[in-house]
Amino acid sequence: LLLLVTALLLAGIFQPGPGFYAMVTILGLFTGFCVDRYWPARRDFGWANRVTLARGVLVIALVSLAPFLGDSMLIASSAGNSLWLYVSLCVIPLILDGVDGKVARATGTETGFGARFDMELDALFILGLCLAVAALERAGIWVLALGLMRYGFVIAGGIWPFINQPLPDSFRRKTVCVWQLVTLMVALLPVTPFALAFWSLVLALALLCYSFGTDLRWLYQANANKRRTP
């Protein structure tokens, strides 16, 4: 219900096409299916996961709107305020990204499910911002690599099982994730020069490649050490 209300409010402001409603429906149903499938039955969902779910509502709505920004009234010079509104709304999930973790630690309800739920929402949010940047022609189609790299990592795990090993917590990984989000939001702002948007996104992609490369190297070495251990 909250997703429906959010989608209708955004549709009233940005006036997207029917594809927006299709994307909201698909992403909403898929998220609901995954939550129902992987959360243990007869166990309280927890306030931290509720915060993540509320963030997910806004993320799904904003991601669904992203591909259609270039076709909406935002492309008109008199509609810059709407783009400012879109970026402002994107800041809310970014802030809530730090809230759910604090709630989980404060209530002693940290779970692997909650961490994975939070991470997958981050990945979807980044992909949505990449689609928005591409739709508004603030960067070329290459910018989608920022959002697709996480999913490429998951696919690679199906080919090379050692990639599926758990990774240790990393401040570097979290910093790169936040840097991507902030850089993509700044690139969407009407006042951001094209050159600044372009080179900051290039830097974000380079940092992301470095981060994934570091994790892959760690996973490969951990797997090699495990094989050598009798």
Side-chain angles (χ1 to χ4, degrees), residues 23-24 26-35 37-38 49 52-53 55-67 90-91 93-98 100-101 111-135 138-188 200-223:
M23 283 195 65
V24 166
I26 292 171
L27 290 176
L29 289 176
F30 181 71
T31 302
F33 168 78
C34 290
V35 169
R37 169 67 177 80
Y38 292 103
N49 287 327
T52 306
L53 195 61
R55 182 168 72 94
V57 166
L58 191 52
V59 166
I60 289 172
L62 291 171
V63 169
S64 299
L65 181 61
C90 287
V91 173
L94 181 62
I95 295 173
L96 290 178
D97 190 21
D100 50 10
T111 63
F113 169 89
R116 182 65 182 269
F117 189 17
D118 183 70
M119 180 177 64
E120 296 302 341
L121 275 181
D122 286 341
L124 178 63
F125 192 27
I126 290 171
L127 178 58
L129 290 173
C130 291
L131 289 170
V133 169
R138 303 291 286 171
I141 197 69
W142 58 267
V143 76
L144 295 181
L146 282 167
L148 294 174
M149 200 169 296
R150 158 65 187 163
Y151 300 103
F153 187 82
V154 173
I155 293 172
I159 302 173
W160 298 286
F162 75 88
I163 293 178
N164 296 320
Q165 299 177 86
L167 285 162
D169 286 337
S170 169
F171 178 75
R172 176 256 309 158
R173 196 180 305 120
K174 294 176 182 177
T175 302
V176 170
C177 178
V178 173
W179 175 259
Q180 286 181 83
L181 288 167
V182 173
T183 301
L184 287 163
M185 290 181 196
V186 171
L188 287 172
S200 61
L201 290 170
V202 168
L203 176 60
L205 182 57
L207 290 173
L208 186 62
C209 290
Y210 164 75
S211 182
F212 271 103
T214 301
D215 285 340
L216 284 171
R217 180 182 178 185
W218 186 92
L219 289 168
Y220 178 80
Q221 291 177 340
N223 181 64

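Here, residue 1 is the first one in the sequence, and each next residue gets the next number. The structure displayed is predicted, hence computed values, not measured ones.
- Interatomic distance, Leu181 CG to Leu146 CG, rounded to the nearest 0.5 Å: 10.0 Å.
- Listed here is the closest heavy atom pair of Leu219 and Pro166: CD2-O, 4.5 Å.
- Contact check for Trp142 versus Leu201: side-chain heavy atoms found under the 4.5 Å cut-off.
- Summarising the geometry, atom CG belonging to Asp97 is positioned 4.5 Å from atom CG belonging to Asp118; distances are rounded to the nearest 0.5 Å.
- The structure places CD of Gln221 at 5.0 Å from CZ of Arg217, a figure rounded to the nearest 0.5 Å.
- Contact annotation: the side chain of Cys34 never approaches that of Phe117 to less than 4.5 Å [non-hydrogen atoms, C-beta and beyond].
- Phe153 CZ: more than 12 foreign heavy atoms inside a 6.0 Å radius.
- In this structure, a donor-acceptor pair under 3.5 Å is present between the side chains of Asp100 and Thr52.
- Residues Leu27 and Ser64 form a side-chain contact, since some pair of their non-hydrogen atoms from C-beta on lies under 4.5 Å apart.
- No side-chain heavy atom of Leu121 sits under 4.5 Å from any side-chain heavy atom of Phe125.
- Within the 4.5 Å cutoff, side-chain heavy atoms of Leu203 are placed close to those of Trp179.
- Between Pro67 and Met23, some side-chain heavy-atom pair lies under the 4.5 Å cut-off.
- Taken from CD1 in Ile126 to CG in Leu144, the straight-line distance is 13.0 Å, to the nearest 0.5 Å.
- For Arg138 (side chain) and Ala187 (main-chain N/O), a donor-acceptor pair under 3.5 Å exists by modelled atom type.
- At a threshold of 4.5 Å between non-hydrogen side-chain atoms, the residues Leu205 and Met149 count as touching.
- Without hydrogens or angle criteria, Arg55 side chain to Ile95 main chain gives no donor-acceptor distance under 3.5 Å.
- A side-chain donor-acceptor contact under 3.5 Å links Arg172 to the backbone of Ser211.
- The neighbour count for Ile159 CD1, taken as heavy atoms of other residues, nucleotides or ligands under 6.0 Å away, is above 12.
- Once rounded to the nearest 0.5 Å, the distance linking SG of Cys177 with CG of Leu207 reads 12.5 Å.
- The shortest heavy-atom contact between Cys90 and Leu129 is SG-CD2, 3.7 Å.
- Other residues, nucleotides and ligands contribute over 12 non-hydrogen atoms within 6.0 Å of the CH2 atom of Trp218.
- Taking each heavy atom of Ile163 and Gly157 in turn, the nearest pair found is CB-CA, 3.9 Å.
- Residue Tyr220 places its OH atom among 12 or fewer non-hydrogen atoms of other residues, nucleotides or ligands, all under 6.0 Å distant.
- A distance of 12.5 Å separates CG in Leu127 from CZ in Arg150, rounded to the nearest 0.5 Å.
- You'll find the side chain of Val182 reaches within 4.5 Å of the side chain of Leu94, heavy atoms only.
- Across Ala66 and Ala135, no two heavy atoms sit closer than the pair O-CB, 3.7 Å.
- Shortest non-hydrogen contact noted between Gly147 and Cys130 is N-SG, 3.5 Å.
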